[in-house]
Amino acid sequence: MSARIGIAGIAGRMGRLLAEEVTAAGATLAGGTLRPGTAKAPPAEVPLLPDAEALFAASEVVIDFTHASVAATHAALAARTGKPLVLGTSGLSAAEEEAVADAARQAPICYAANFAPGVNLFLAIAERMAAALPAEQYDAEIVEMHHRQKVDAPSGTAIALGRAVARGRGTTLEEAGTESGRDGQTGARRTGTIGFAALRGGQVVGEHTLIFAGASEHIALTHRSFDRRVYATGAVRAALWLIGKPPGLYGMRDVLGMK
């Protein structure tokens, strides 16, 4: 019997792609929920469930790309039911991320800033580059651009890149410090900080560039996403991988076997 996968927010742009990718993977679409207040109709012939609790009851694993405000609630449901959860929502606060981590003690949860395989390779390379390029000699800057409807900045992937750079340098993003939104007389750039610039416009799916700027050379690494489907394909892959795993907080690098 094929895996039963439920999708939160199934009428949305990502929800529809996820539904298509569940079917393409040979899994069973257990059903979906609608975001409160949405006027969008769900895909035809998809079982529509009244709430997240019913979604978890009907599914072996749930995928959620909806909104940061419900991430902790869905994680708590995963913990209560022991059902796996794939969480691809960005913009979580520190408290919300802590709630997800707490829930992962009782259920397997795959939480990632980005489910594209290329981005996860990008993150691994960023960490290795940061380890080789000292903060005292190379300033790290992260530039990202997304569609005009995106509500959080910097993007979750940009923050993940910042954390990868900090990790490579033996510290945390919080300890290293960040710089963003420069305007006016800001003073000289502080050594060791990680810079962020967020651009918004049009319908850009996602572009991220990591720059290491030294006195004598600049190194830039860029990833561009041209189709949101790559995120949906990765999330369904993560959902199938997560079934049968013990409780824990996993990432896409675990799914891809990258250590």
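Closest approach of Cys110 and Val255 over heavy atoms only: SG-CG2, 4.0 Å. Pairing each heavy atom of Pro154 with each of Ile159, the nearest pair is O-CD1, 3.8 Å. Closest approach of Ala107 and Ala78 over heavy atoms only: CB-O, 3.3 Å. Of all heavy-atom pairs between Ala72 and Ala99, the closest is CB-CB, 3.9 Å. Summarising the geometry of Pro117 relative to Val230, their closest heavy-atom pair is CD-CG2, 4.1 Å, with the distance given to 0.1 Å. Ile10 and Val46 get closest at one heavy-atom pair: CD1-CG1, 3.3 Å.
Looking only at distances, a side-chain donor or acceptor of His147 sits under 3.5 Å from a matching main-chain atom of Lys150. A donor-acceptor pair under 3.5 Å is formed between the side chain of Arg16 and the backbone N or O of Ala11. Under the 3.5 Å distance criterion, the side-chain polar atoms of Arg13 are left unmatched by any main-chain donor or acceptor of Leu17. The backbone N or O of Glu175 sits less than 3.5 Å from a side-chain atom of Thr172, completing a donor-acceptor pair. Side-chain atoms of Asp152 do not come within 3.5 Å of backbone N or O of Ser155 as any donor-acceptor pair. Side-chain N or O atoms of Lys83 include one that pairs as donor or acceptor with a backbone N or O of Phe56 at under 3.5 Å. Looking at Arg190, its side chain does come within 3.5 Å of a backbone N or O of Thr178 through a donor-acceptor pair.
At a threshold of 4.5 Å between side-chain heavy atoms, the hydrophobic network of Ile, Leu, Val, Met, Phe, Trp and Tyr places Tyr231 and Val204 in two separate groups. By the rule that hydrophobic residues join a cluster once side-chain heavy atoms approach within less than 4.5 Å of another member, Leu161 and Met145 end up as members of separate clusters. Residue Leu55 is not grouped with residue Leu48 when hydrophobic side chains (ILVMFWY) are merged at heavy-atom distances under 4.5 angstrom, including chains of intermediate members. No chain of hydrophobic side-chain contacts below 4.5 Å, direct or via other Ile, Leu, Val, Met, Phe, Trp or Tyr residues, connects Ile63 to Val70. The hydrophobic cluster containing Val62 does not contain Ile7, counting ILVMFWY residues as joined when their side-chain heavy atoms lie under 4.5 angstrom apart, directly or transitively.
Heavy-atom contacts from other residues, nucleotides or ligands closer than 6.0 Å to CZ of Arg128 number 12 or fewer.
A distance of 8.5 Å separates CD in Glu60 from OG1 in Thr28, rounded to the nearest 0.5 Å. The distance from the CD1 atom of Ile211 to the CG atom of Asp139 is 10.5 Å, given to the nearest 0.5 Å. In this structure, OG on Ser225 lies 9.0 Å from CD on Glu207, to the nearest 0.5 angstrom. With values rounded to the nearest 0.5 angstrom, Glu53 atom CD is found 6.0 Å from Leu77 atom CG. With rounding to the nearest 0.5 angstrom, the OG1 atom of Thr73 is 10.0 Å from the CG atom of Asp64. Here Tyr111 contributes atom OH and Glu96 contributes atom CD; the two are 8.5 Å apart, rounded to the nearest 0.5 Å.
For the pair Thr33/Asp51, no side-chain contact is recorded, criterion being any heavy-atom separation below 4.5 Å from C-beta on. Taking 4.5 Å as the limit, some side-chain heavy atom of Ile142 sits within range of a side-chain heavy atom of Ile194. Met252 places none of its side-chain heavy atoms less than 4.5 Å from the side chain of Met258. Side chains of Phe122 and Asn114 form no contact here, defined as non-hydrogen atoms less than 4.5 Å apart.
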Should Phe212 and Met129 be marked as a side chain to side chain contact (heavy atoms under 4.5 Å, CB included) after you check the CA-CA gap, both sets of side-chain angles, and the distance that decides it? CA-CA 9 Å; Phe212 288 100; Met129 289 177 71; 3.7 Å; yes
Could you walk me through whether Arg163 and Glu97 pass salt bridge (Lys or Arg N to Asp or Glu O under 4.0 Å), step by step? CA-CA 14 Å; Arg163 287 175 173 168; Glu97 287 193 337; 3.4 Å; yes
Evaluate side chain to side chain contact (heavy atoms under 4.5 Å, CB included) for Asp227 paired with Val205, printing each intermediate quantity in order. CA-CA 6 Å; Asp227 192 332; Val205 173; 5.9 Å; no
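At a threshold of 4.0 Å, the pair Glu144-Arg200 counts as salt-bridged, since one of the basic side-chain nitrogens sits closer than that to a carboxylate oxygen. Electrostatic pairing of Arg169 and Glu127 does not count as a salt bridge here, judged by no charged N lying under 4.0 Å from a carboxylate O. Glu141 has a carboxylate O that lies under 4.0 Å from a charged side-chain N of Arg182, or vice versa, which qualifies the two as a salt bridge.
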Kindly list each side-chain donor-acceptor pair under 3.5 angstrom involving residues 216-224, sequence neighbours excluded, with atom names and distances?
from	atom 1	to	atom 2	distance (Å)
Glu217	OE2	Tyr138	OH	2.6
Thr222	OG1	Thr209	OG1	2.8

Review item, side-chain donor-acceptor pairs of residues 232-249, under 3.5 Å, at least two apart:
from	atom 1	to	atom 2	distance (Å)
Thr233	OG1	Glu21	OE1	3.1
Thr233	OG1	Arg229	O	3.0
Lys245	NZ	Trp241	O	2.9

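For His146 and His208, the distance between ring centers is under 6.0 angstrom.
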